[in-house]
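Below: the structure, in structure tokens.
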Amino acid sequence: MFATLLQSLPQVLIDGLALGAIYAVVALGYTMVYGILELINFAHGEIFMTGAFAGTAVLFLFQSLGLLGGLPAWLSYVLIIFVAMMVTGALGVGIERVAYRPLRKAPKLISLISAFGVSFVLQDLIRFIAELKTGNYIVSTPSLFEGRIDLPLSTVSGFADTSIKTNTIFILIIAVLLMVGLDLFVNRTKWGVAMRAVAQDRETASLMSINVNKVIVLTFFIGSALGGSTGVLFAQQYGTIDPYIGFILGMKAFTAAVLGGIGNIRGAMFGGIVIGVLEMFASANLGLLTNGNFGAEYKDVFAFMILIIVLIFKPEGLFGKAVKEKV
């Protein structure tokens, strides 16, 4: 059994890192909004889904205009991601203005219910538009990168030959750039300082002439734009999207944010990578480990088992700090 696990390990790590990078970037949206407003934006998974559909729509537009083959694949990819980020960033700002700002002083349960309402509205709206345009709410996405790179790891004792999709390399590059860019923005810029100040104490920050509303809007824009960009990455990696992909993926990204420490940006990145690698390991080896009693379809259980364990034993997450409630 150990030899079989070792053989598949390189492929598991490659696929797990790609999936984990997607989880990590989506988790950033959850952790940013929570850090500022102490609100779990459960509509964020649907923002990710909207980004996937927005990017695919632009891809179809390029295809109809004959630009898909004329432009370099990487340039088309970057343009599609940019459009998806602008669409979902604007969507996030609109959601904050309509669904969250009027409830800012209401009990947190009311805002949570509002988030679920927004989630269902986005699901049905995207489904209606997709069926209107294509006749089906399940959409296949044309791939920009078709190639694979073979890795002859059999020369190393215990490993099997594996391969990596060209798109996987692009996913990792884009995800790293987004995560590093966000980290630098939050820690090195004036707006980043303002965001951290508002996260620490909103009232005191407002007394120090920080425009709290602008900081919150910027937070929603950046978090939603990141979610939209990963929607494009997901669509390119897996080839098929539907209006319901955001729910389970959003829950796993939320699990990643909790694992790393909700409100901690670097923790969310780490949590996403861990969840992605563990999920791919379960998908590839769960049947082997359980003598066929559980198959790859049970891989989702791993993420939620981790969530339960973390909440029981370390509810503040791996990198979070325990905060006492103010009386």
Side-chain angles (χ1 to χ4, degrees), residues 23-48 50-51 82 84-106 108 111-112 114-115 118-119 122 175 177-231 246 250 253-254 256-258 260-269 271-272 317 319-321 323:
Y23 287 158
V25 180
V26 176
L28 292 175
Y30 283 104
T31 207
M32 288 176 67
V33 171
Y34 183 85
I36 298 291
L37 291 176
E38 294 186 353
L39 165 71
I40 304 299
N41 180 20
F42 275 117
H44 190 61
E46 275 56 52
I47 292 175
F48 154 85
T50 303
F82 177 77
M85 291 179 75
M86 293 300 103
V87 170
T88 53
L91 177 63
V93 171
I95 290 172
E96 187 277 330
R97 184 66 184 87
V98 173
Y100 296 147
R101 188 178 298 184
L103 303 175
R104 198 175 289 172
K105 295 182 180 179
K108 290 184 173 59
S111 298
L112 186 64
S114 179
V118 171
S119 175
L122 285 176
L177 289 175
L178 291 174
M179 289 187 283
V180 171
L182 178 64
D183 191 74
L184 292 174
F185 176 82
V186 170
N187 291 293
R188 302 287 180 87
T189 67
K190 186 181 296 185
W191 278 106
V193 172
M195 288 171 66
R196 287 186 284 132
V198 172
Q200 188 169 1
D201 191 319
R202 198 187 312 169
E203 287 73 22
T204 304
S206 65
L207 294 174
M208 297 174 67
S209 72
I210 294 176
N211 191 320
V212 174
N213 281 333
K214 283 187 178 180
V215 170
I216 292 173
V217 167
L218 180 64
T219 300
F220 269 89
F221 180 84
I222 293 175
S224 300
L226 291 173
S229 69
T230 49
F254 171 66
V258 173
I262 191 75
N264 187 304
I265 289 177
R266 294 180 182 179
M269 298 176 191
F319 300 98
K321 295 180 182 179
V323 178

Taking all atoms of both residues into account, what is the closest heavy-atom pair of [X] and [Y], and its distance?
| X | Y | result |
| --- | --- | --- |
| L112 | L39 | N-CD1, 4.5 Å |
| G261 | T31 | O-OG1, 3.9 Å |
| S114 | A99 | OG-O, 3.0 Å |
| R196 | N187 | NH2-O, 3.8 Å |
| G228 | A84 | O-CB, 3.9 Å |
| N264 | F319 | ND2-O, 3.1 Å |

Say you draw a straight line from [atom1] of [X] to [atom2] of [Y]; how long is it, rounded to the nearest 0.5 Å?
| X | Y | atom1 | atom2 | answer |
| --- | --- | --- | --- | --- |
| M195 | I222 | CE | CD1 | 5.0 Å |
| T50 | L122 | OG1 | CG | 5.0 Å |
| L28 | L182 | CG | CG | 5.5 Å |
| L226 | I47 | CG | CD1 | 11.0 Å |
| L103 | K108 | CG | NZ | 12.5 Å |
| S111 | I40 | OG | CD1 | 11.5 Å |

Report the C-alpha distance between Y100 and V33 in whole Å, list the side-chain angles of each, state the deciding distance to 0.1 Å, and finish with yes or no for side chain to side chain contact (heavy atoms under 4.5 Å, CB included).
-> CA-CA 11 Å; Y100 296 147; V33 171; 6.0 Å; no
Report the C-alpha separation of M86 and F221 in whole Å, then their side-chain angles, then the decisive distance to 0.1 Å, and conclude whether the side chain to side chain contact (heavy atoms under 4.5 Å, CB included) test is met.
-> CA-CA 9 Å; M86 293 300 103; F221 180 84; 3.9 Å; yes
Donor-acceptor pair, distance only, cut-off 3.5 Å: does the side chain of [X] make one with the backbone of [Y]?
| X | Y | answer |
| --- | --- | --- |
| S229 | M85 | no |
| T88 | S224 | yes |
| T189 | F185 | yes |
| T219 | V215 | yes |

Which of parallel (below 30°), tilted (30 to 60°) and perpendicular (above 60°) describes Y30 and H44?
-> perpendicular
For residues R97 and F220, determine if any side-chain heavy atom of one lies less than 4.5 Å from a side-chain heavy atom of the other.
-> no
For the residue pair D201 and M208, establish whether any side-chain heavy-atom pair is separated by less than 4.5 Å.
-> no
Could you go through the side chain to side chain contact (heavy atoms under 4.5 Å, CB included) check for I36 and R202 one step at a time?
-> CA-CA 8 Å; I36 298 291; R202 198 187 312 169; 5.7 Å; no
Stepwise side chain to side chain contact (heavy atoms under 4.5 Å, CB included) test for I216 and R101 = CA-CA 10 Å; I216 292 173; R101 188 178 298 184; 6.0 Å; no
